[in-house]
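Model, not experiment: these values are computed from the prediction.
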Amino acid sequence: MVILQQSLTGRNEDDALELEDIQHFLMSRPPARAARYEFLTFRSAACGRAWLMGLIDKVGTAKAVGSNLVDSRWVTIGFTWNGLQALGVDEVSLATFPEEFRQGMAARAEILGTTGANHPDHWVGSLARPELHAIAILFARDVTERERCRKEHERYLAQCTGVELLSCLDLEALPPFDYAHEHFGYRDRLSQPVIEGTGVELTPGSGPPIKPGEFFLGYPDEDGPAAGMPQPGILSRNGSYVAYLMMKEHVGAFRDFLREHGETPEQQELIAAKLMGRWRSGAPLVLTLDKDDPSLGADFQRNNAFTYADMDPHGYACPLGAHIRRMNPRDTAVNMNRRKMIRRGGTYGPPLPEGRPEDGIERGIAAFVGCASLVRQFEFAMNVWANDPNFHELGNERDPIFGTQDGTFDMTIPKRPVRKKIRGLPAFTTIRGGAYFFLPSIRALRYLASLSGDHRADLNYED
Amino acid sequence: MATPGPARPKESDWTKPAAMAIPKEGYFTLEQGRYGPIFPKTPACHGFSVVAKVKDGREQAVRDYGKSIEEAVKNNPSVLAPLKLHYLRWILFDVGSGLHFMYQGIFDTDFDKYLEDAVALFVKTGITTVFVNLEGWPDDWKTNLSAVIKFFREHQCPSFLEYGEYPYVTADQVKKALKLKAAFANMLDLMQ
Ligand code: HEM
């Protein structure tokens with residue numbers, strides 16, 4: 001597709017996705033086994049812009065990465081609102097960004113329910129600090145390639161005086177590599193929304209294709225034509241928001257919990273499945289209630305082909321409070337087409353070998369939730385689905401996998417004749433940091449890099 | 001997110017009637033929700049009382065709108081289900097300062113979620129809203145959710161007392177209990 005001649009704020013008449021202009025990150029997932037996230041700060045607008053200018057050619061577009069070109073670039077760049085300000089975006093324009101993005105994730109902790117041990121006061125890597133300006137996300141085929149890119153960026157940064165690395169995180173996929181899974185052992189990346197107009201094949205159960213405007217600014221969304229976009233249009237169009245979360249997984253505590261609540265390995269697997277809503281193989285409980293079925297878990301024609309309202313209304317198979325039933329209640333919630341999220345990211349830290357006690361080493365998931373409205377999509381999921389103790393009238397429960405748990409919440413497992421209630425669920429995960437980023441389009445990156453003026457040079461944050 | 005008021009136990013006891021006096025702001029401690037302060041769940045559940053002035057000459061339009069809601073629910077009894085309502089009360093009154101409209105709703109979701117779902121419902125069903133007849137209602141309400149929520153938040157008059165004879169019970173719980181009662185009655189009939 002060719003980007004038609006158009007004015008800076010204009011659009012293609014047919015609203016076809018401008019794949020050359022959209023960063024690949026939310027559109028396609030390259031076959032990466034390693035990644036690195038770098039969190040950066042700009043000491044002046046000029047140096048931030050110079051850094052950006054030299055990197056734009058490395059950013060992978062949706063078109064290049066989607067076509068699986070061997071030499072395609074897997075770099076993604078995002079900015080916090082403070083970062084846009086630090087690059088010299090003017091105040092009028094900055095004010096047109098939505099309130100939640102302006103405030104940033106740390107300021108929204110209470111809304112998100114990230115309190116107690118999950119509170120920004122405990123976050124690492126300067127993620128809660130206002131000088132966090134940008135993220136560079138790098139995906140690589142393997143660790144060797146990641147290391148090569150890391151060094152290359154290190155050399156580049158050394159030339160960019162005034163751009164400093166606040167913190168970074170290296171990620172590696174967990175072996176065996178033939179299927180994506182995380183530290184608790186659950187198969188992941190099974191369910192995700194399909195975006196209309198991308199030509200991605202719909203697998204049974206993924207729901208109807210979702211309008212591009214739910215993920216990319218400037219396109220029609222599920223309610224109609226784009227409205228209220230940040231200005232100028234060149235800055236916002238084809239951009240997206242992502243919410244970043246670094247979540248430590250307490251694998252030792254998780255395994256202890258399974259042993260405490262299940263006498264046999266089979267019972268332990270069932271408990272693990274009840275927390276998630278899927279067996280660790282990925283097989284959904286709604287489709288196979290009392291026995292794991294790994295071939296079902298691996299079969300993309302079948303592993304999403306289920307609903308809740310008619311197939312499991314009371315949660316005898318998949319508990320109402322299980323992770324996947326909260327994060328996508330499917331046909332048991334209203335306006336689901338306006339609450340979709342695209343998940344990206346990976347695992348960090350070494351696996352904890354089976355049978356080994358907790359070794360205290362940092363490991364977990366560092367993930368991004370992509371959307372067009374943080375308040376309507378991501379924050380809703382956190383506020384209502386993950387951390388509202390009364391979700392589905394459960395009364396005193398939160399998401400068992402990543403909700404804020406302090407030992408005072410429960411988990412109900414419906415069962416005939418009487419349900420089982422696990423009291424005082426421990427925390428299996430701790431949020432170690434997070435931030436809201438805007439992923440601008442390629443054109444917007446060029447726009448930002450060519451801004452002039454330095455009205456916020458030498459930003460000084462005191463706190 | 002449900003916010004416990006000071007007197008609200010984690011698992012509430014519906015057998016004990018409860019009253020809650022609420023501070024002027026409408027909440028006890030300032031807790032931010034997605035679009036503004038969270039109003040607590042009270043013994044009478046979540047809800048609001050929104051009061052706004054009716055535009056000149058629109059009284060009949062507002063009254064007619066009552067009819068159209070009646071029709072919509074008759075045609076599709078579950079049309080308002082997404083709002084998780086117990087009750088709606090719509091009132092028109094004039095105590096000397098012009099005609100005002102009061103929208104009292106008692107429901108089981110929080111304030112922000114109610115409004116998001118309500119706007120989605122209006123847009124989806126193509127029915128406009130009675131609010132277009134009110135002063136201050138944003139013209140771009142269909143595409144500007146935050147303006148709508150701001151309108152509601154600005155026109156909300158928080159209660160200073162709420163009471164529940166069977167406190168904190170949700171509409172779903174009431175319906176489940178009545179279903180159970182009907183099932184028992186049926187069973188007893190069958191055992192005669
Ligand atoms: C350590 C934390 C987390 C773990 C271990 C985890 C793990 C998983 C796994 C194994 C699945 C099933 C695979 C699939 O359906 O694709 C899943 C599904 C999902 N998760 Fe998470 N997750 C975590 C945090 C989150 C967060 C923070 C969000 C968003 C706010 C989220 C949103 C979702 C969604 C939307 C689904 C798909 C549900 C469906 O469509 O049925 N998860 N997660």
Side-chain angles (χ1 to χ4, degrees), chain A residues 98-100 103 107-115 213 220-229 309 313-314 320 332-339 373-398 403-404 408-410 421 423-424, chain B residues 1-4 8-14 29-38 41 45-46 78-84 108-124 126 138 140-150 168-176:
Chain A
E99 175 74 18
E100 72 278 8
Q103 291 182 4
R108 311 276 288 177
E110 211 177 314
I111 297 167
L112 301 174
T114 51
T115 52
D221 63 25
E222 291 284 324
D223 253 8
M229 294 297 122
H314 305 293
L320 302 181
T332 57
V334 294
N335 299 327
M336 272 308 301
N337 56 348
R338 307 232 68 203
R339 311 278 187 210
S373 167
L374 290 162
V375 67
R376 173 164 50 78
Q377 291 158 286
F378 171 74
E379 291 193 345
F380 181 89
M382 294 294 289
N383 177 287
V384 177
W385 287 341
N387 283 323
D388 181 351
N390 205 26
F391 172 72
H392 271 333
E393 321 248 325
L394 288 168
N396 187 40
E397 303 192 14
R398 284 177 163 172
T404 296
T408 65
F409 294 97
D410 312 322
K421 193 169 241 190
R423 299 252 174 214
Chain B
M1 197 159 64
T3 312
R8 191 184 167 215
K10 256 195 164 175
E11 268 159 88
S12 34
D13 179 2
W14 60 268
T29 47
L30 176 62
E31 259 193 82
Q32 284 298 330
R34 281 177 304 139
Y35 297 97
I38 294 177
K41 182 167 179 172
C45 301
H46 286 288
S78 63
V79 64
L80 296 182
L83 303 180
K84 301 245 171 230
D108 292 322
T109 58
D110 74 30
F111 194 96
D112 291 340
K113 185 169 182 308
Y114 181 91
L115 294 177
E116 273 183 347
D117 290 338
V119 173
L121 198 70
F122 295 145
V123 172
K124 197 157 56 189
D140 58 349
W141 66 274
K142 277 191 186 169
T143 56
N144 192 348
L145 183 66
S146 33
V148 170
I149 291 180
K150 189 156 165 271
Y168 302 108
V169 175
T170 66
D172 270 352
Q173 286 170 321
V174 173
K175 286 192 281 187
K176 268 189 200 165

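- In this structure, Ile111(A) and Met382(A) have side chains that are not in contact, with every pair of non-hydrogen atoms separated by 4.5 Å or more.
- Minimum heavy-atom separation, Cys45(B) to Tyr168(B): SG-C, 4.3 Å.
- Both the backbone and the side chain of Asp117(B) come within less than 4.5 Å of a heavy atom of chain A.
- Trp141(B) and Val119(B) get closest at one heavy-atom pair: O-CG1, 4.3 Å.
- Heavy atoms of Phe380(A) lying under 4.5 Å from chain B belong to its backbone as well as its side chain.
- Both the backbone and the side chain of Glu379(A) come within less than 4.5 Å of a heavy atom in chain B.
- Using a 4.0 Å cut-off between charged side-chain N and carboxylate O, Arg338(A) and Glu116(B) make no salt bridge.
- Top candidate by heavy-atom pairs under 4.5 Å with chain B, chosen from Asp221(A), Val334(A), Asp223(A), is Val334(A).
- With a 4.5 angstrom heavy-atom cutoff, Leu83(B) does not touch chain A via any of its atoms.
- Side-chain atoms of Ile38(B) and Phe111(B), non-hydrogen and from C-beta on, never get closer than 4.5 Å to each other.
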